[in-house]
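Only heavy atoms go into these numbers, but all of them, side chains included; no hydrogens, no water, no symmetry mates.
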Amino acid sequence: MSVSPLFIYKNNTDIAILLIYVDDILLIASSSTLLSSLIAALKSEFSMNDLGLINFFLGISVTSRDGGYFICQSKYIKDLLGRANLLSSKPVTSPISPKSIHNSSDSSPFSDATLYRSLVGGLQYLTFTRPDIAFAVNRVSQFMHSPSVTHFTAVKRILRYLNVSLTRGLFIPGGSIDSLSCYSDADWAGCPTTRRSTSAFCLFLGSNLVSWSSKK
């Protein structure tokens, strides 16, 4: 049985949202009064420290800017680049080659499948703030069971692209939300091996990109 780490409190116009991951807690509220009372209530029950305004949470940097917040994972990217020995890699302008990888049966098996799976797993987490790599990461994720040299070359291309776009992320503006918009697309049987489609969508709450996906 799974337990949700997200808790929501509502009372008339008051609302608070609490997110828990192991021993890290993120708490937001509709007013400073409600926020203070909830922090006091938590401290009375648990041993905890209030670290103030959020600036870093689970590898994600949060910066307050005019009109909203900017989130990115530049430090996390540097850690991935270090594990792959690509901190000094040559730059590329896109995360995937126009000639997409598929089974690559003409390529020899990659010698370190554990490293491949570790890097691709890290890239999957990175898509939380980098929707621009979602399609490329979906591609390389399809070969976790038996990666080839060609597949690892594709992983390195994603990392080389990230190395020159470290500071990119998502800006979440404040203000009222008056719309919910969704855009979707599919390539219709685009995989030459399985004849399955790659479908994708992005969901906007007002002007905020809140959910996205790209998968076969």
Side-chain angles (χ1 to χ4, degrees), residues 59-61 63 70-113 115-172 181-204 207-216:
I60 300 175
S61 171
T63 306
F70 179 73
I71 60 175
C72 73
Q73 292 172 272
S74 56
K75 183 179 182 300
Y76 183 79
I77 294 173
K78 289 180 180 178
D79 291 341
L80 282 178
L81 291 167
R83 280 157 54 187
N85 294 317
L86 290 173
L87 284 168
S88 301
S89 59
K90 294 181 179 180
V92 290
T93 57
S94 64
I96 191 170
S97 169
K99 184 179 180 181
S100 299
I101 59 170
H102 294 290
N103 283 337
S104 302
S105 57
D106 58 337
S107 178
S108 58
F110 181 55
S111 60
D112 193 346
L115 174 63
Y116 182 92
R117 296 178 186 121
S118 174
L119 292 174
V120 173
L123 288 171
Q124 289 173 340
Y125 183 66
L126 186 58
T127 59
F128 287 153
T129 61
R130 295 295 298 266
D132 54 330
I133 66 169
F135 175 78
V137 172
N138 169 258
R139 281 293 191 192
V140 296
S141 297
Q142 296 173 26
F143 309 101
M144 300 277 261
H145 61 290
S146 183
S148 70
V149 172
T150 298
H151 300 145
F152 186 64
T153 299
V155 170
K156 290 196 293 183
R157 182 185 179 98
I158 299 172
L159 291 168
R160 289 166 58 201
Y161 166 75
L162 291 169
N163 200 16
V164 295
S165 57
L166 283 170
T167 58
R168 291 184 185 176
L170 289 177
F171 179 67
I172 305 175
S181 306
C182 185
Y183 304 89
S184 64
D185 197 6
D187 65 356
W188 304 114
C191 178
T193 305
T194 64
R195 306 313 300 170
R196 294 175 64 185
S197 304
T198 296
S199 60
F201 74 84
C202 56
L203 182 67
F204 288 84
S207 59
N208 295 315
L209 180 61
V210 295
S211 182
W212 55 91
S213 174
S214 175
K215 64 181 181 179
K216 187 162 72 173

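The structure places CG of L123 at 5.5 Å from CG of L80, a figure rounded to the nearest 0.5 Å. F110 contributes atom CZ, which lies 15.0 Å from atom CZ of F143 (distance to the nearest 0.5 angstrom). To the nearest 0.5 Å, the span separating OG on S197 from NZ on K216 amounts to 10.5 Å. Separation of atoms OG (S213) and CZ (F135) is listed at 12.0 Å; rounding is to 0.5 Å. Between atom OG of residue S148 and atom OH of residue Y116 there is a gap of 7.5 Å, rounded to the nearest 0.5 Å. One finds the OG atom of S184 at 11.0 Å from the CG atom of L203 (value rounded to the nearest 0.5 Å).
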Inset, instruction - Kindly indicate, with the supporting measurements, whether the criterion side-chain contact (heavy atoms from CB on, under 4.5 Å) is fulfilled by L115 and F152. - result: CA-CA 9 Å; L115 174 63; F152 186 64; 4.2 Å; yes

Inset, instruction - Using the side-chain contact (heavy atoms from CB on, under 4.5 Å) rule, take L162 and R130 through it: C-alpha gap first, then chi angles, then the decisive distance, then the call. - result: CA-CA 10 Å; L162 291 169; R130 295 295 298 266; 3.7 Å; yes

Inset, instruction - List the steps, then state whether side-chain contact (heavy atoms from CB on, under 4.5 Å) holds for N163 with L86. - result: CA-CA 8 Å; N163 200 16; L86 290 173; 5.9 Å; no

Inset, instruction - Kindly indicate, with the supporting measurements, whether the criterion side-chain contact (heavy atoms from CB on, under 4.5 Å) is fulfilled by Q142 and N138. - result: CA-CA 7 Å; Q142 296 173 26; N138 169 258; 3.1 Å; yes

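Under the 3.5 Å distance criterion, the side-chain polar atoms of Y76 are matched with a main-chain donor or acceptor of G122. At least one donor-acceptor pair closer than 3.5 Å links the side chain of D187 to the backbone N or O of T198.
The minimum heavy-atom distance between H151 and V140, with the atom names listed, is O-CG1, 4.3 Å. In terms of heavy atoms, V164 sits closest to P91 at CG1-CB, 3.0 Å. Across every non-hydrogen atom of T63 and S61, the tightest pair is OG1-OG, 3.9 Å. Between R157 and V92, the shortest heavy-atom distance links the atoms O-CG2, 3.5 Å. Considering every non-hydrogen atom in both H145 and P147, the closest pair reads C-CD, 3.9 Å. Nearest heavy atom pair, residue A189 against residue R195, reads O-NH2, 3.1 Å.
For the pair K75 and D79, the salt-bridge criterion is met [side-chain N within less than 4.0 Å of a carboxylate O].
In this structure the side chain of S214 never reaches within 4.5 angstrom of the side chain of W212, judged on heavy atoms. Residues T129 and F70 have side chains not in contact (no heavy-atom distance under 4.5 Å, counting atoms from C-beta outward). When side chains are defined from C-beta on, P95 does not count as touching D132, because their heavy atoms never get closer than 4.5 Å. I96 is not listed as a side-chain neighbour of I158, based on a closest heavy-atom distance of 4.5 Å or more. Side-chain contact check for L170 versus P131: some heavy-atom pair is nearer than 4.5 Å. Counting heavy atoms from C-beta on, the side chains of L159 and S89 never come closer than 4.5 Å.
Applying the ring-ring contact (aromatic ring centres under 6.0 Å, His included) test to Y161 and every residue at least two apart in sequence or in another chain returns nothing.
Under a cut-off of 6.0 angstrom, the local environment of CZ in R83 is crowded, with over 12 non-hydrogen atoms contributed by other residues, nucleotides or ligands.
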